[in-house]
Chemist: 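What follows is a single structure, and I will ask about it in a moment.
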Amino acid sequence: MLSVPCPWCGPRDETEFRYGGQAHVAYPADPAACSDAEWAGYLFMRDNPKGWFAERWFHSAGCRRWFNAVRHTVTYEFAAVYAPFTQPPGVPS
Amino acid sequence: MADLLAQRRSPLAHLAGELAATGFMRELPYLSSYEVRADPAEPAMARLGAALFAGPLLAAAWPTAGRAVGTGPRYALWCGPGWYLVVDEPGTTLESAMAGLPAVDVSAARTVLELTGPFARDVLAHGCAIDLHPRAFGPGSCAQTHLAKAQVILHQTATATYRVFVRASYADYLARWLLDAAVEYVRRIDE
């Protein structure tokens with residue numbers, strides 16, 4: 001079981017959270033102008049890196065806040081948690 | 001109104017005997033509770049804090065993360081950033097003090113189980129992943145978490161005294177789970 005470091009509540013079990021997928025997926029500035037391929041890319045296409053990955057988490061059983069986290073997809077290690085709409089602090093390479 | 005109050009049944013009324021038989025668990029039914037959602041820095045929140053917790057706790061103001069503050073039966077529990085649960089004796093109405101704030105009476109949403117005594121922490125630890133050791137979770141601590149997969153608010157009111165706030169629809173399940181978890185400790189009390 002992952003121990004997810006909620007920035008408000010501290011480390012909690014993964015079962016208290018919902019996973020929100022990749023963070024920093026920007027909404028298209030003019031959705032109506034998107035081609036079908038561009039819109040499908042926004043809706044469905046996500047990075048799938050082997051390594052550090054910025055993703056969204058929701059502490060549904062605790063403080064019910066969304067936050068972003070940088071997690072390693074191989075080691076499951078969390079490098080940082082930070083507020084939504086902010087950039088990740090110093091992502092490890 | 002008096003007739004209605006006489007007819008109401010608490011969510012765990014049917015288990016009162018079994019809870020009492022353990023010697024350390026009981027339901028605290030009908031506690032008044034209000035959810036308040038506001039930035040504690042707002043002037044209205046300062047006024048509410050002063051109105052609710054006049055006296056020595058005025059300086060303590062609203063609780064910080066993972067903490068509860070209170071005097072006597074009245075507590076404010078930290079649920080999340082800008083999210084508090086104010087708990088008081090059954091029948092207490094706090095609407096007038098909360099006028100103008102985003103506060104909702106949620107008294108009927110939950111019931112409260114109180115566990116006291118040397119085995120309270122052990123029983124809770126059977127189904128709770130957070131660290132309940134006194135160095136991490138002492139009197140005045142509170143947390144929203146899972147207890148036996150049910151979402152609860154845990155509040156330690158005093159040394160070896162825990163309150164478990166559980167939604168009314170989960171109360172029967174959780175109380176039966178706690179009764180089962182308590183079996184070994186009930187025997188130890190008898191010995």
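Note that the coordinates shown come from a computational prediction; the quantities given were computed from them, not determined experimentally.
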Chemist: Considering only heavy atoms, give the residues of residues 21-44 of chain A separated from chain B by less than 4.5 Å, sorted numerically, with 'none' for an empty result.
Modeler: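 Counting heavy atoms that sit under 4.5 Å from chain B, no residue of residues 21-44 of chain A is involved.
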Chemist: Taking atom CG of B/Leu147 and atom CD1 of B/Ile153, what is their separation to the nearest 0.5 Å?
Modeler: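 So the gap between those two atoms works out to 12.5 Å.
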Chemist: Give the cluster check for B/Leu154 versus B/Leu19: same hydrophobic cluster or not, with ILVMFWY residues linked at side-chain heavy-atom distances below 4.5 Å.
Modeler: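 B/Leu154 and B/Leu19: one cluster.
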Chemist: Find the distance between CG (A/Asn68) and CZ (A/Phe85) and round it off to the nearest 0.5 Å.
Modeler: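 These two atoms lie 8.5 Å from each other.
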Chemist: Cluster question for you: counting only ILVMFWY and a side-chain heavy-atom cut-off of under 4.5 Å, with indirect links fine, are A/Phe67 and A/Tyr19 together?
Modeler: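 In one cluster: yes.
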Chemist: Can you pull out all donor-acceptor pairs below 3.5 Å that join chain A and chain B?
Modeler:
| unit_1 | atom_1 | unit_2 | atom_2 | d |
| --- | --- | --- | --- | --- |
| A/Arg12 | NH1 | B/Gln144 | O | 2.6 |
| A/Glu16 | OE2 | B/Thr145 | OG1 | 2.4 |
| A/Ala61 | O | B/Gln151 | NE2 | 3.2 |
| A/Gly62 | O | B/Gln144 | NE2 | 2.7 |
| A/Arg65 | NH2 | B/Pro81 | O | 2.8 |

Chemist: So, taking the atom named CG in B/Leu48 and the one named CG in B/Leu94, what distance separates them when rounded to the nearest 0.5 Å?
Modeler: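 Output value for this atom pair is 8.0 Å.
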Chemist: Apply the side-chain contact (heavy atoms from CB on, under 4.5 Å) test between B/Met25 and each candidate in B/Leu15, B/Leu115, B/Val186; give the one that qualifies.
Modeler: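 Running side-chain contact (heavy atoms from CB on, under 4.5 Å) over B/Leu15, B/Leu115, B/Val186 with B/Met25 returns exactly one hit, B/Leu115.
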Chemist: Check step by step if side-chain contact (heavy atoms from CB on, under 4.5 Å) holds for A/Val70 and A/Phe78.
Modeler: CA-CA 6 Å; A/Val70 177; A/Phe78 281 89; over 6 Å; no
Chemist: Determine the minimum heavy-atom distance between B/Ala120 and B/Ala160, stating which atoms define it.
Modeler: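 Distance-wise, the nearest heavy atoms are CB-O, 4.3 Å.
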Chemist: Hey, is A/Arg71 close enough to A/Glu55 for a salt bridge, meaning N to O under 4.0 Å?
Modeler: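 Salt bridge between A/Arg71 and A/Glu55, a charged N being under 4.0 Å from a carboxylate O: yes.
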